[in-house]
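Positions are given from 1, in the same order as the sequence printed here. Because only heavy atoms are used, hydrogens play no part in the values below, and waters and symmetry mates are left out as well, while side chains stay in.
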Amino acid sequence: AFVLVLGDFSFSDGFNFSVEFDNAGGLKPGADVAIAGLNVGTVQELRFLTNEDSKGPDAAAVAVRAKIRIDEKYADAIRTNSDFFITTRGVLGEPYIEIVTRDFDAGPIQKDAVLRGVDPPRMDLIVAKASQLLTVLTDLLDDPDIHAKDLLANTASLMKNLDSLLVDNRGVLDETLGNVRDGSASAKNVLAGLDSAVGDGATLKSIFADTRVVAQKANGITSRLDKDIDPLMDDVLASAGNLRHVAASADRIVTGNEAKITDTISNLQSSTAKLDRLSADAQVVMANVSQGKGTVGALISDREIYDDLKEMLKIIKQRPWKIVWKE
């Protein structure tokens, strides 16, 4: 029993998966694996990897893969977005793997899955970089071209002048900050007004819907106009062609017949003048007839002659033979 307890033997296979790190950070096979500080499993083995073996997207050229076995009942607490840290309990404690699961939005991991861990900080690299920084500062201070005292004095003067500037312009800065606050309040009111005007967006949706309907109707009208314009354009082109033919014919008729056309126009003018004179004479005759002048005027204006003619026509109708012989 003592050997079984110390050897951490188990009669179940457990839940196995792997985690990759760029550096083992002192981790050893048999190290604990904990969730929320409680041991739930152990590190079964550590395997050296090259870039060809690693499955991580940002894997280094060389890495280490830790094979982990935990109890089945804790497997659901590990998700695909869980973080795996190599840390220690206390300052001089043995390194172990701490699993941190922040939420259960991601799905649970599968058996034999390969996950990516958070690389532990390397103290040797930190010390080396600190040593390099100290070396650079030492070289800077020892450089004869750079006067450290002047640099510190100038820095102190700069800070003093900056402090004086802030103190002397405290009122201006306060006013500027007040203007900024007022501007922020105005912007907040404007946004509140816009939010109130927009509301749930029903008005904007209605406007966009109306705009879409108008655009569709405009497209329909444009399509119909396109269909109607083509025949009209054909008719216009045909009419233009006919006009060109008529103009060409008129040009052929006029060309070489200018003198005849001029004589015809002169004859028309003479005929018009003669018609005007005849019309004037007819008006004079009609005026004389109306006034009873001349034979026709006397016949028309004399009532006695009219009565005699009427009586004669009546007698002829009643006894037409009197025209041939007398009784």
Side-chain angles (χ1 to χ4, degrees), residues 8 15-70 74-75 77-106 109 112-159 162-163:
D8 192 21
F15 189 90
N16 298 317
F17 63 95
S18 300
V19 181
E20 291 185 357
F21 300 94
D22 288 345
N23 186 275
L27 191 68
K28 298 289 192 302
D32 293 334
V33 176
I35 298 177
L38 300 177
N39 293 338
V40 296
T42 58
V43 176
Q44 296 296 303
E45 64 175 353
L46 296 174
R47 187 162 67 90
F48 179 78
L49 299 177
T50 60
N51 194 26
E52 292 78 8
D53 299 328
S54 178
K55 296 182 181 179
D58 300 324
V62 293
V64 61
R65 178 179 295 174
K67 183 178 179 181
I68 298 174
R69 183 177 65 83
I70 63 174
Y74 299 112
I78 305 174
R79 301 290 168 146
T80 54
N81 61 348
S82 297
D83 294 326
F84 302 88
F85 298 94
I86 296 178
T87 183
T88 59
R89 291 187 175 94
V91 179
L92 300 177
E94 289 290 331
Y96 74 101
I97 294 179
E98 179 73 27
I99 302 174
V100 178
T101 301
R102 294 182 175 85
D103 54 63
F104 290 91
D105 295 338
I109 63 173
D112 300 324
V114 178
L115 306 174
R116 181 68 185 173
V118 179
D119 298 323
R122 295 186 58 183
M123 295 304 298
D124 54 344
L125 295 179
I126 295 174
V127 172
K129 291 183 180 297
S131 177
Q132 292 177 359
L133 179 60
L134 291 175
T135 302
V136 171
L137 290 175
T138 302
D139 295 338
L140 183 62
L141 294 175
D142 292 340
D143 191 348
D145 296 332
I146 298 176
H147 302 283
K149 293 182 179 180
D150 294 339
L151 178 62
L152 294 175
N154 292 333
T155 303
S157 176
L158 176 62
M159 297 300 296
L162 182 61
D163 182 69

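Heavy-atom minimum distance, Ser82 versus Ile99: CB-CG2, 4.3 Å. Ile70 approaches Ala75 most closely through the heavy-atom pair CD1-CA, 3.9 Å. The two residues Ala106 and Arg79 come nearest to each other via the heavy atoms O-NH1, 3.1 Å. Scanning both residues, Ala31 and Pro95, for their nearest heavy atoms gives CB-O, 3.6 Å. Contact detail for Gly117 and Phe21: the closest heavy-atom pair is CA-CE2, 3.6 Å. Of all heavy-atom pairs between Val64 and Ala24, the closest is CG1-N, 3.8 Å.
A donor-acceptor pair is defined here as one N or O able to donate and one able to accept, closer than 3.5 Å; such a pair exists between the side chain of Thr135 and the backbone of Ser131. No donor-acceptor distance shorter than 3.5 angstrom exists from the side chain of Glu98 to the backbone of Phe84, with no hydrogens or angles considered. Between the Asp22 side chain and the Asp119 main chain, no donor and acceptor come within less than 3.5 Å of each other.
Taking CG of Leu46 as the start and CZ of Arg65 as the end, the distance is 12.0 Å to the nearest 0.5 Å. Remark: Ile35 CD1 to Thr101 OG1 distance equals 6.0 Å, nearest 0.5 Å. Between atom CG of residue Asp105 and atom OG1 of residue Thr80 there is a gap of 10.0 Å, rounded to the nearest 0.5 Å.
Salt bridge annotation for Lys67-Asp112: absent, with no cationic side-chain nitrogen under 4.0 angstrom from a carboxylate oxygen.
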Show your working on side-chain contact (heavy atoms from CB on, under 4.5 Å) between Phe15 and Ile78 and close with a plain yes or no. CA-CA 11 Å; Phe15 189 90; Ile78 305 174; 5.9 Å; no
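Just one of Val33, Ile68, Ile86 meets the side chain to side chain contact (heavy atoms under 4.5 Å, CB included) condition when paired with Val19; it is Ile68. Looking at Val43, Asn39, Leu38, Ile97 one by one, the single match for side chain to side chain contact (heavy atoms under 4.5 Å, CB included) with Asp32 turns out to be Asn39.
In Glu45, the CD atom is crowded: over 12 heavy atoms of neighbouring residues, nucleotides or ligands sit closer than 6.0 Å.
Under 3.5 Å, the side chains of Ser18 and Glu20 contain no donor-acceptor pair of N or O atoms.
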